> 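Please find one structure pasted underneath; my questions will follow.
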Amino acid sequence: MMHFYIMTLFPEMVLNGLHTSIIGRAEEKGYISIEAFNIRDYTLDKHKKVDDYPYGGGAGMLMQAQPVYDCWQTIDAKIKEQRTYDNTKKTRVVYVTPQGEVFHQQKAIELSKEEDLIFLCGHYEGIDERVLEEIVTDYISIGDYVLTGGELPAMVLIDAIARLVPGVLSNHESAQTESHSNGLLEYPQYSRPELWHEKRVPEVLLSGHHANIEKWRAEQSIKRTKERRPDLFEAYEKANK
Ligand code: ADE
């Protein structure tokens with residue numbers, strides 16, 4: 001059982017998104033749990049304010065340290081209470097930010113081995129650096145573009161990580177042979193009918209000859225990776241020399 005905790009100003013956005021489909025089913029079946037904590041609930045400000053102007057000037061507002069820190073403390077204490085294993089281990093806190101390391105499948109695999117994971121979603125122009133220094137262990141970006149908040153990136157990460165938790169995917173095979181798990185993109189796939197819009201399913205796939213099918217798929221994987229992701233192909237060649 002893997003536990004996800006999300007610190008956010010928009011808990012319903014993350015929960016609605018993650019309660020559907022495969023991740024929702026995994027939660028119902030008890031393979032994972034997902035809890036969202038509203039950072040606003042932890043502000044000591046009497047008007048429930050969580051943001052303020054940046055020192056030194058500049059555009060936009062910053063999320064203040066206090067509500068973020070108090071929210072984290074609540075979650076951290078709760079995890080310590082529930083934990084049945086090594087209680088001295090610090091729970092990883094992932095801050096999703098365009099200033100992080102770009103996310104990839106290897107990182108998803110690494111994080112899927114954790115028992116508890118906390119995600120921090122920023123808003124406005126960012127978060128007071130001092131609280132980040134105290135609580136964040138991993139800075140992760142989902143790509144070189146900027147979104148309005150950290151909720152979508154946190155959902156992307158949780159989806160990619162949760163599907164690697166044993167039991168979440170019904171067919172355990174499917175996490176093994178897919179795109180990126182071997183450094184290559186996946187081969188093209190076909191289903192019924194055999195003829196559609198005058199396009200035929202490649203003959204070899206109808207042959208029942210498993211060795212030939214595997215060989216064809218491996219070739220297609222390489223061809224596709226070369227064409228669409230020359231950067232991945234180069235890394236693959238280097239690693240397999
Ligand atoms: N917040 C805003 N943009 C982001 C990105 N590209 N990755 C992670 N968090 C973000």
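Both ligands and their constituent atoms are indexed starting at 1 by order of listing. Worth saying up front: this structure is predicted, and the values here are computed from it rather than measured. Numbers here simply count residues along the sequence, with the first being 1.
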> Between K199 and E194, does any side-chain N to carboxylate O distance fall below 4.0 Å?
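Salt bridge between K199 and E194, a charged N being under 4.0 Å from a carboxylate O: no.
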> Would you please name every residue forming a salt bridge (charged side-chain N to carboxylate O under 4.0 Å, His left out) with R228, sequence neighbours left out?
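With neighbours one apart ignored, the set is empty.
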> For D128, what residues pass the side chain to side chain donor-acceptor pair (under 3.5 Å) criterion, not counting sequence neighbours?
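D128 satisfies side chain to side chain donor-acceptor pair (under 3.5 Å) with R130 only.
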> Please determine whether a side-chain nitrogen of the Lys or Arg among K226 and E234 lies less than 4.0 Å from a carboxylate oxygen of the Asp or Glu.
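E234 and K226: not salt-bridged.
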> For Y53, is the OH atom crowded, meaning more than 12 foreign heavy atoms sit under 6.0 Å from it?
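Check fails, neighbour count at 12 or below.
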> Please list, by chain and number, the protein residues whose heavy atoms come under 4.0 Å of ligand 1.
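Ligand 1 pocket, heavy atoms under 4.0 Å: V96, T97, P98, I140, S141, I142, G143, Y145, V146, L147, G149, P153.
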> Report the residues that fulfil salt bridge (charged side-chain N to carboxylate O under 4.0 Å, His left out) with E227, sequence neighbours left out, ordered by chain and then residue number.
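For E227 the salt bridge (charged side-chain N to carboxylate O under 4.0 Å, His left out) partners, ignoring immediate neighbours, are K223.
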